[in-house]
Visitor: 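Before anything else, here's the structure in question.
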There are 2 protein chains.
Amino acid sequence: MAYSDDAGPDKLGATKVDLGDCGMAQAAMLLGDRWTLLVVREALYGVTRFDSMKTDLGLPRSVLSNRLKRLTDAGVLIKRPYREPGQRARHQYVLTPMGVDLALPLIALMQWGDKHIRKTAPAAAIVERRTGAPLMAGLAKSDGAPVELRNAQFRIG
Amino acid sequence: MAYSDDAGPDKLGATKVDLGDCGMAQAAMLLGDRWTLLVVREALYGVTRFDSMKTDLGLPRSVLSNRLKRLTDAGVLIKRPYREPGQRARHQYVLTPMGVDLALPLIALMQWGDKHIRKTAPAAAIVERRTGAPLMAGLAKSDGAPVELRNAQFRIG
DNA sequence: CAGTATCCCAAGCGATACTG
DNA sequence: CAGTATCGCTTGGGATACTG
């Protein structure tokens with residue numbers, strides 16, 4: 001990372017990774033707008049229905065419709081019919097494996113926001129399913145050993 | 001998380017966390033637009049100067065100016081003067097501790113994008129500073145023990 | 001309930017030009 | 001280099017109404 005204490009002037013055009021080659025940039029292009037992240041957040045919370053999302057987020061129907069389409073096209077959500085006993089057929093938007101994997105960046109973002117923006121007790125925590133132990137997003141080596149953020153750096157290429 | 005295999009219909013209005021109480025929502029409101037995430041990405045890569053960012057990202061000056069202002073107002077960046085020997089004074093945008101902490105969500109996003117969108121070898125990796133060992137974003141308990149995403153869930157309140 | 005269709009308007013993008 | 005100023009224009013947001 002670039003830290004305040006080692007931040008010299010950069011080299012112009014030194015961005016080592018072209019936008020098209022950068023997963024972060026690709027992700028930002030898919031998710032980077034006012035509503036998309038929040039729609040995915042709904043899905044992570046288990047909200048799967050159009051009107052539920054609309055009510056929760058308070059966004060216009062047309063916008064929600066558009067975002068759901070984008071996300072299904074991208075493979076983050078699938079639209080799936082279902083029928084509750086005695087009810088007529090409905091459908092729901094559920095996360096694909098690709099969508100489920102978005103939980104990690106979004107959890108990290110949530111914990112960042114709780115720490116640096118809200119600064120009060122988090123409204124939602126992530127816990128281990130079986131034990132209820134609180135979980136934090138972090139970096140780890142392939143053997144699982146955790147590594148502090150400040151001991152990490154980019155390696156290009 | 002909400003998984004495909006346990007995703008029943010949700011309860012209307014069941015979103016347990018109000019947008020104003022959710023760090024993820026707050027973060028999304030700050031970072032959720034076309035360019036802001038990419039500007040932070042530049043800063044993480046160590047690009048600190050206005051024109052470097054403009055060149056790398058190819059966005060209009062006015063937009064970049066606006067984003068840098070937003071991010072400094074939010075406390076993610078600070079604008080700092082410096083002078084190289086024999087040069088006139090310049091300034092640079094460097095990450096605050098709050099900004100540095102954004103590395104984790106963005107790394108997670110990058111790894112997600114590399115895995116699910118680009119699907120080729122990542123252009124940039126995160127490695128441990130001393131050893132060069134590759135790092136991955138993940139969840140861990142407070143004792144550092146890693147936990148799989150699928151063994152995690154939200155706990156509200 | 002789950003959308004699509006329409007319309008209007010504001011925000012924001014992108015280009016260009018200008019200033020310290 | 002590092003911005004601010006201006007401007008035309010498109011995008012997309014928000015309200016409302018309509019359909020299966």
Side-chain angles (χ1 to χ4, degrees), chain A residues 7-15 19 25 28-39 42-43 47-73 77-94, chain B residues 7-15 19 25 28-39 42-43 47-73 77-94:
Chain A
D10 62 71
K11 313 87 199 170
L12 181 64
T15 293
L19 290 185
M29 285 161 188
L30 171 62
L31 306 170
D33 73 25
R34 184 165 170 189
W35 292 112
T36 305
L37 279 174
L38 296 176
V39 171
E42 289 292 301
V47 177
T48 65
R49 295 202 315 226
F50 190 94
D51 272 44
S52 308
M53 292 185 180
K54 169 164 170 36
T55 300
D56 291 337
L57 299 179
L59 82 177
R61 311 182 82 76
S62 52
V63 175
L64 178 56
S65 177
N66 177 289
R67 293 303 179 274
L68 289 171
K69 204 161 298 178
R70 273 177 61 96
L71 288 170
T72 51
D73 287 350
L77 298 174
I78 50 172
K79 184 177 183 175
R80 196 167 66 176
Y82 74 100
R83 178 188 297 270
E84 288 191 283
Q87 301 283 325
R88 67 183 171 86
R90 305 251 164 91
H91 39 278
Q92 53 183 355
Y93 294 89
V94 302
Chain B
D10 62 69
K11 312 86 200 169
L12 181 63
T15 292
L19 289 185
M29 285 162 188
L30 172 62
L31 306 170
D33 73 24
R34 184 165 170 188
W35 292 112
T36 304
L37 279 174
L38 296 176
V39 171
E42 289 292 299
V47 177
T48 66
R49 296 203 314 228
F50 190 93
D51 273 45
S52 307
M53 293 186 179
K54 169 163 171 38
T55 300
D56 290 338
L57 299 179
L59 82 177
R61 311 182 83 74
S62 51
V63 175
L64 178 56
S65 177
N66 177 289
R67 293 303 179 275
L68 290 171
K69 204 161 298 179
R70 272 177 61 96
L71 287 170
T72 51
D73 287 350
L77 298 174
I78 51 172
K79 184 176 182 175
R80 197 167 65 176
Y82 75 99
R83 178 188 297 269
E84 288 191 281
Q87 301 284 323
R88 66 181 171 86
R90 305 250 164 93
H91 37 278
Q92 53 183 356
Y93 294 91
V94 302

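Quantities reported herein were computed from a predicted structural model and do not represent experimental measurements. Every chain is numbered from 1, with letters handed out A, B, ... down the list of sequences.
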Visitor: Rounded to the Å, how far apart are A/L77 CG and C/dG3 P?
Guide: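 In whole Å, C/dG3 P and A/L77 CG are 12 Å from each other.
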
Visitor: Stems in DNA chain D: runs of 3 or more consecutive Watson-Crick or G-U pairs, distances under 3.5 Å?
Guide: C:1-20 with D:1-20

Visitor: In this structure, how many angstroms lie between the C1' atom of C/dC1 and the CG atom of A/D56, rounded?
Guide: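 Atom-to-atom, A/D56 to C/dC1, this comes out as 15 Å.
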
Visitor: With A/R67, which residues qualify under salt bridge (charged side-chain N to carboxylate O under 4.0 Å, His left out), at least two apart?
Guide: A/D33

Visitor: Can you check whether A/T36 reaches A/L30 side chain to side chain, under 4.5 Å on heavy atoms?
Guide: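 A/T36 does not reach A/L30 side chain to side chain.
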
Visitor: Look at the side-chain N and O atoms of A/H91 and state whether any lies under 4.0 Å from the OP1 or OP2 oxygen of C/dC1.
Guide: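 Negative; the distance criterion is not met.
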
Visitor: Between B/K79 and D/dA2, does any side-chain N or O lie under 4.0 Å from OP1 or OP2?
Guide: no

Visitor: Between the side chain of B/R61 and the main-chain N/O of B/K54, is any donor-acceptor distance below 3.5 Å?
Guide: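 No, because the side chain of B/R61 does not come within donor-acceptor range (under 3.5 Å) of the backbone of B/K54.
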
Visitor: Take A/R90 and A/S65, find for each the nucleotide of DNA chain C with the closest heavy atom, and name the residue whose nucleotide sits nearer the 5' end.
Guide: A/R90

Visitor: Please report, rounded to the nearest Å, how far the C1' atom of D/dT4 is from the NZ atom of B/K69.
Guide: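 Those two atoms, NZ and C1', are 8 Å apart.
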
Visitor: Would you say A/Y93 places a side-chain N or O within less than 4.0 Å of OP1 or OP2 belonging to C/dG3?
Guide: yes

Visitor: Search all heavy atoms of B/L31 against all heavy atoms of B/L37 and return the closest pair with its distance.
Guide: O-CG, 3.8 Å

Visitor: For residues B/L77 and B/L68, report the shortest heavy-atom separation together with the two atoms involved.
Guide: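 Scanning both residues completely, I find the closest heavy atoms to be CD1-CD2, 3.8 Å.
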
Visitor: Rounded to whole angstrom units, what separation is found between the CG atom of A/L64 and the C1' atom of C/dC1?
Guide: 13 Å

Visitor: Would you give a per-nucleotide map of nucleotides 13-20 of chain D, 5' to 3', where B means the base has a protein non-hydrogen atom under 4.0 Å away, S means only the sugar-phosphate does, and - means neither?
Guide: SBB-B---

Visitor: Find the distance between CE (B/M29) and CG (A/L38) and round it off to the nearest 0.5 Å.
Guide: 5.5 Å

Visitor: How far does CG of B/L59 sit from CZ of B/R34, to the nearest 0.5 angstrom?
Guide: 9.5 Å

Visitor: So, taking the atom named OG1 in B/T55 and the one named CD in B/E42, what distance separates them when rounded to the nearest 0.5 Å?
Guide: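 One gets 9.5 Å once the value is rounded to the nearest 0.5 Å.
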
Visitor: Round to a whole Å and report the spacing from CE of A/M53 to C1' of C/dG3.
Guide: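 It works out to 14 Å between those atoms.
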
Visitor: To the nearest 0.5 Å, how far apart are CZ in A/R49 and CG in A/D56?
Guide: 11.0 Å

